[in-house]
Amino acid sequence: KASHTTNLQSATHHEEHSISVPVPEVLFTDCQGHISHVSSEDIDSSESKQCNRELEMEDLAGSAPTNSSTKTYTVKCLHALINAHTSARRWFADVKFILFNKVTLLVFLTHCLFAVVDTGFDAIYSLWCASPLYLGGIGFTVREIGITSAVVGALFLPFSLFVYPLLEKKFGSIQSFQMSAILNLFLAVIIPNIHYLAVTGPATVLWLIIIVTRLMFVIGARICFAAQCVFISNSVTHEKLGRANGLAVLMSDIFRAISPALTGTIYAASLSEWTMFIGFPVDYNLMFVIFGGILLIMVLLTACL
């Protein structure tokens with residue numbers, strides 16, 4: 001009896017510990033009105049799956065456009081391609097008109113030739129001033145060349161502010177350009193002959209002539225540059241003005257980049273022994289004579305405008 005009672009108690013105690021708590025059930029109604037019994041565990045798993053599905057959809061929506069947004073994006077791309085094609089055709093038509101028109105072609109050619117003279121003369125003038133007397137220069141030091149440039153720049157400032165507008169108003173852009181180019185033509189030929197004054201003349205006269213001739217050349221060059229800007233503006237219509245200015249600046253910058261190397265090479269070759277033995281115009285005057293010839297061509301080109 002006692003053993004049976006003990007076994008019965010142990011079995012009862014084991015059953016109490018092995019009893020599982022029933023999972024509560026919840027009633028759900030589907031779209032058709034049917035009632036289904038779903039446990040809380042099924043609810044948790046279904047909610048987690050739905051949440052994960054929603055997160056995946058949000059990621060896809062953020063990375064890939066929907067059908068409506070795809071259509072809008074495609075339409076915008078087509079509009080952009082059409083506008084780019086139209087702009088390219090208009091650009092090529094304007095460039096063709098600018099480059100194959102007689103007036104604009106002459107203006108651009110004059111602009112490029114002036115770029116060669118303007119940049120090349122500044123480089124050669126400094127080399128000529130620094131060249132020794134036996135090579136046709138005037139033997140200036142770097143400090144003396146800097147002083148002449150500073151004085152010329154200070155004297156040129158009032159002219160650019162007050163005198164040039166009066167000349168432009170009285171003579172017009174074409175005549176102002178031609179007179180300035182002819183003035184620079186004579187100065188380009190005369191300036192190398194100052195070498196003889198540096199050999200025999202007093203220093204005060206030499207400095208005065210150097211400053212005066214350099215100032216006159218700078219004034220003539222600035223008048224030519226301002227007149228060329230007017231040429232470009234008057235050679236095309238208002239719609240093509242931006243492209244014409246851009247092409248003119250591009251072409252002139254190319255020639256400005258080439259000019260110092262080319263003119264410097266020619267000037268260095270003109271100072272060799274065999275060229276100095278031949279004499280004028282193959283000696284140190286050679287590059288200045290070339291500048292004069294280019295200026296003469298510029299005058300003839302503007303006469304055709």
Side-chain angles (χ1 to χ4, degrees), residues 113-160 179-225 255-299:
L113 292 177
F114 173 77
V116 174
V117 175
D118 189 31
T119 309
F121 188 87
D122 289 339
I124 298 303
Y125 182 82
S126 300
L127 293 175
W128 173 76
C129 289
S131 299
L133 295 177
Y134 68 89
L135 290 178
I138 56 177
F140 270 19
T141 62
V142 176
R143 179 175 177 274
E144 292 172 336
I145 296 173
I147 291 173
T148 56
S149 300
V151 172
V152 169
L155 295 176
F156 173 72
L157 182 61
F159 173 84
S160 61
M179 290 188 297
S180 301
I182 292 173
L183 173 64
N184 284 2
L185 190 157
F186 286 106
L187 289 174
V189 178
I190 291 173
I191 284 176
N193 295 309
I194 301 176
H195 157 74
Y196 299 105
L197 183 62
V199 175
T200 58
T204 305
V205 178
L206 174 65
W207 275 84
L208 181 61
I209 293 178
I210 284 291
I211 291 174
V212 171
T213 53
R214 179 60 174 159
L215 176 62
M216 293 176 65
F217 193 93
V218 171
I219 290 173
R222 293 311 99 197
I223 293 176
C224 291
F225 179 78
F255 280 88
R256 287 181 185 276
I258 299 173
S259 178
L262 181 62
T263 56
T265 303
I266 296 174
Y267 182 74
S270 66
L271 299 181
S272 60
E273 295 181 357
W274 65 274
T275 54
M276 295 294 290
F277 176 77
I278 295 174
F280 183 85
V282 188
D283 54 359
Y284 60 91
N285 293 280
L286 176 61
M287 200 61 243
F288 294 94
V289 173
I290 293 175
F291 287 143
I294 295 175
L295 289 167
L296 179 60
I297 294 174
M298 291 165 55
V299 173

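Since the model is a prediction, treat every value here as computed from it, not as a measurement. Heads up: numbering here begins at 1 and tracks the sequence.
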Show me the donor-acceptor pairs, under 3.5 Å and distance only, between side chains in residues 201-211 and residues at least two apart or in other chains.
none

ask   = If you measure from CG on Asn184 to CD1 on Ile219, what distance do you get to the nearest 0.5 Å?
value =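 One finds 10.0 Å between CG of Asn184 and CD1 of Ile219.
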
request  = Could you grab the distance from atom OH of Tyr196 to atom CG of Leu133, nearest 0.5 Å is fine?
outcome  =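 Answer for the OH-CG pair, Tyr196 versus Leu133, is 12.0 Å.
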
Might you point out which heavy atoms bring [X] and [Y] nearest each other, and give the distance in Å?
| X | Y | result |
| --- | --- | --- |
| Ser180 | Gly220 | CB-O, 3.4 Å |
| Asp283 | Ser270 | O-CB, 3.3 Å |
| Ala257 | Pro260 | O-CD, 3.7 Å |
| Thr213 | Leu187 | O-CD1, 4.0 Å |

Output side-chain donor-acceptor pairs under 3.5 Å for residues 138-147, partner residues at least two apart or in another chain, one line each.
unit_1 : atom_1 : unit_2 : atom_2 : d
Thr141 : OG1    : Glu144 : N      : 3.3
Glu144 : OE1    : Thr141 : N      : 3.0

Taking distance alone, no hydrogens or angles, what donor-acceptor pairs closer than 3.5 Å link side-chain atoms of residues 188-195 to residues at least two apart or in another chain?
unit_1 : atom_1 : unit_2 : atom_2 : d
Asn193 : ND2    : Val189 : O      : 3.2
His195 : ND1    : Gly137 : O      : 2.9

Neighbour count above 12 (heavy atom, 6.0 Å) for Phe156 CZ = yes

message = Can you confirm whether Phe225 is buried at CZ, in the sense that more than 12 heavy atoms of other residues, nucleotides or ligands lie under 6.0 Å from that atom?
response = no

key: By side-chain hydrogen bond (donor to acceptor under 3.5 Å, both in side chains) - contacts of Ser131 (at least two apart)   =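 Checked Ser131 against side-chain hydrogen bond (donor to acceptor under 3.5 Å, both in side chains); matches are Tyr267.
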
remark   = Contacts of Ile290 meeting side-chain contact (heavy atoms from CB on, under 4.5 Å) (sequence neighbours excluded), chain-then-number -> Ile266, Leu286, Met287, Ile294

ask   = How far apart are the C-alpha atoms of Thr263 and Phe291, what are their side-chain angles, what is the distance that settles it, and do they pass the side-chain contact (heavy atoms from CB on, under 4.5 Å) test?
value = CA-CA 10 Å; Thr263 56; Phe291 287 143; 4.0 Å; yes

task = Step by step, work out the side-chain contact (heavy atoms from CB on, under 4.5 Å) result for Met216 and Val212.
result = CA-CA 6 Å; Met216 293 176 65; Val212 171; 3.9 Å; yes

Would you be so kind as to tabulate the donor-acceptor pairs closer than 3.5 Å made by side chains of residues 114-128, with sequence neighbours excluded?
unit_1 : atom_1 : unit_2 : atom_2 : d
Asp118 : OD1    : Arg222 : NH2    : 2.7
Asp118 : OD2    : Arg222 : NH2    : 2.8
Asp118 : OD2    : Arg256 : NH1    : 3.2
Thr119 : OG1    : Ala115 : O      : 3.2
Thr119 : OG1    : Arg256 : NH1    : 3.1
Asp122 : OD1    : Arg214 : NH2    : 2.9
Ser126 : OG     : Asp122 : O      : 3.3
Trp128 : NE1    : Gly136 : O      : 2.9

